[in-house]
Amino acid sequence: MPKLGEKGVSLVEVLAALLLVSIIATAAWTALSIGMKHTTAETSKTEIQQDANIMISQLSAAHRQSDSYKIQFQNDQLLLQTCSESGCGDFEPVLDKAYDFSGTVINGVSAPNESALIEPKKEHTNIQLELTRNGRSLSIQTTLTRIRTDRP
């Protein structure tokens with residue numbers, strides 16, 4: 001006997017629809033999760049690069065404008081003391097963030113615990129800056145230059 005006027009959804013159809021929705025939701029969640037992890041990693045990398053650029057810019061300014069200056073690494077900070085004919089100022093942090101500077105080399109000497117005196121009028125300064133923070137690291141190698149006036 002034929003059944004007329006049956007309307008509705010069977011249990012199998014409901015389960016099939018739920019399965020498809022859950023597969024699509026899982027794929028979307030996975031893509032979103034991977035995207036968020038990638039964004040976090042790139043943001044961290046960009047932040048370290050920007051901080052390194054600030055450090056190099058400030059060191060370069062000190063190199064070009066000071067008669068001499070001192071660099072010191074203390075408590076995960078890069079400290080800078082500029083000197084002129086009238087004397088030297090206080091050591092000031094170049095950046096307000098803490099980094100691990102292990103591996104940093106200035107003129108062939110590993111990151112000094114004592115202050116390193118730099119005399120820009122007498123020599124160029126080779127710096128290999130190694131920054132590490134939150135598992136991310138960056139290495140920048142540069143030479144700070146200025147017209148040398150130590151020659152006769």
Side-chain angles (χ1 to χ4, degrees), residues 13-152:
E13 292 171 330
V14 169
L15 290 175
L18 285 174
L19 178 66
L20 287 174
V21 168
S22 66
I23 290 172
I24 291 170
T26 302
W29 181 259
T30 301
L32 183 64
S33 174
I34 290 170
M36 289 186 339
K37 286 179 184 177
H38 180 70
T39 299
T40 302
E42 288 301 312
T43 300
S44 176
K45 182 178 175 183
T46 301
E47 182 181 2
I48 291 174
Q49 288 173 338
Q50 289 173 341
D51 290 346
N53 287 338
I54 290 169
M55 289 178 196
I56 294 296
S57 294
Q58 289 196 13
L59 290 173
S60 181
H63 195 81
R64 291 192 175 125
Q65 296 171 1
S66 302
D67 292 333
S68 65
Y69 60 96
K70 294 179 182 178
I71 297 174
Q72 184 175 0
F73 298 93
Q74 186 177 34
N75 299 329
D76 293 334
Q77 291 280 321
L78 170 59
L79 304 175
L80 179 64
Q81 178 187 43
T82 57
C83 301
S84 63
E85 292 175 2
S86 60
C88 296
D90 294 331
F91 275 100
E92 295 182 15
V94 174
L95 202 61
D96 62 349
K97 296 178 186 170
Y99 281 97
D100 178 9
F101 291 98
S102 299
T104 296
V105 177
I106 300 172
N107 287 335
V109 178
S110 294
N113 291 332
E114 307 260 335
S115 59
L117 177 65
I118 311 278
E119 296 179 300
K121 292 180 180 180
K122 294 182 180 179
E123 65 182 356
H124 301 306
T125 302
N126 297 312
I127 296 178
Q128 181 171 341
L129 190 62
E130 300 280 343
L131 302 172
T132 304
R133 184 175 185 202
N134 298 333
R136 298 264 176 213
S137 61
L138 177 70
S139 176
I140 293 180
Q141 187 168 357
T142 189
T143 301
L144 303 177
T145 61
R146 177 175 174 174
I147 296 175
R148 291 175 49 189
T149 58
D150 64 331
R151 298 179 189 184

Thr125 and Ile106: CA distance, side-chain angles, deciding distance, side-chain contact (heavy atoms from CB on, under 4.5 Å) verdict: CA-CA 7 Å; Thr125 302; Ile106 300 172; 4.0 Å; yes

Full working for side-chain contact (heavy atoms from CB on, under 4.5 Å) between Lys121 and Arg146: CA-CA 7 Å; Lys121 292 180 180 180; Arg146 177 175 174 174; 3.4 Å; yes

Residues Leu80, Phe91; criterion side-chain contact (heavy atoms from CB on, under 4.5 Å); working and verdict: CA-CA 5 Å; Leu80 179 64; Phe91 275 100; 5.9 Å; no

Verdict with supporting geometry, Thr104 and Phe73, side-chain contact (heavy atoms from CB on, under 4.5 Å): CA-CA 10 Å; Thr104 296; Phe73 298 93; 3.7 Å; yes

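The distance from atom OG of Ser137 to atom CD1 of Ile48, rounded to the nearest 0.5 Å, is 7.0 Å. To the nearest 0.5 Å, the span separating CG on Leu20 from CD1 on Ile24 amounts to 6.0 Å. Between the CG atom of Asn53 and the CG atom of Leu138 there is a distance of 8.5 Å, given to the nearest 0.5 Å. Note: Leu78 CG to Leu131 CG = 9.0 Å, rounded to the nearest 0.5 Å. Distance check: Cys83 SG to Leu117 CG gives 7.0 Å after rounding to the nearest 0.5 Å. Atom CD of Glu47 is separated from atom CZ of Arg133 by 5.0 Å, given to the nearest 0.5 angstrom.
Looking at Asp100, its side chain never comes within 3.5 Å of a backbone N or O of Thr132 through a donor-acceptor pair. His63 contributes a side-chain N or O that, together with a main-chain N or O of Leu144, makes up a donor-acceptor pair within less than 3.5 Å. Thr30 contributes a side-chain N or O that, together with a main-chain N or O of Thr26, makes up a donor-acceptor pair within less than 3.5 Å. Ser44 places no side-chain N or O within 3.5 Å of a backbone atom of Ala41 that could act as its donor or acceptor partner. Using a distance-only test at 3.5 Å, with no hydrogens or angles considered, no donor-acceptor pair links the side chain of Ser33 to the main chain of Trp29.
Under the salt bridge (charged side-chain N to carboxylate O under 4.0 Å, His left out) test applied with Asp51, the options Arg136, Lys45, Lys97 reduce to a single match, Lys97.
The minimum heavy-atom distance linking Met55 with Leu95 is given by the pair CE-CD2, 3.6 Å. Between Pro120 and Ser66, the shortest heavy-atom distance links the atoms CG-O, 3.7 Å.
Contact annotation: the side chain of Tyr69 never approaches that of Cys88 to less than 4.5 Å [non-hydrogen atoms, C-beta and beyond]. Between Leu79 and Ile71 the shortest side-chain heavy-atom distance does not fall below 4.5 Å. Side-chain contact between Ile118 and Lys70 is absent, with no heavy atoms from C-beta onward closer than 4.5 Å. Asp90 has its side chain out of reach of Gln81: every pair of non-hydrogen atoms, C-beta onward, lies at least 4.5 Å apart. When side chains are defined from C-beta on, Ile127 does not count as touching Val105, because their heavy atoms never get closer than 4.5 Å. Residues Leu129 and Ile56 have side chains in contact (heavy-atom distance under 4.5 Å, counting atoms from C-beta outward). Between Gln49 and Ile140, every side-chain heavy-atom pair lies at or beyond the 4.5 Å cut-off.
Side-chain atoms of Asn126 and Thr143 form a donor-acceptor pair, as typed in the model, at a separation below 3.5 Å. Counted by atom type alone, Ser68 and Glu119 present zero donor-acceptor pairs between their side chains at under 3.5 Å. Side-chain atoms of Gln128 and Glu130 form a donor-acceptor pair, as typed in the model, at a separation below 3.5 Å.
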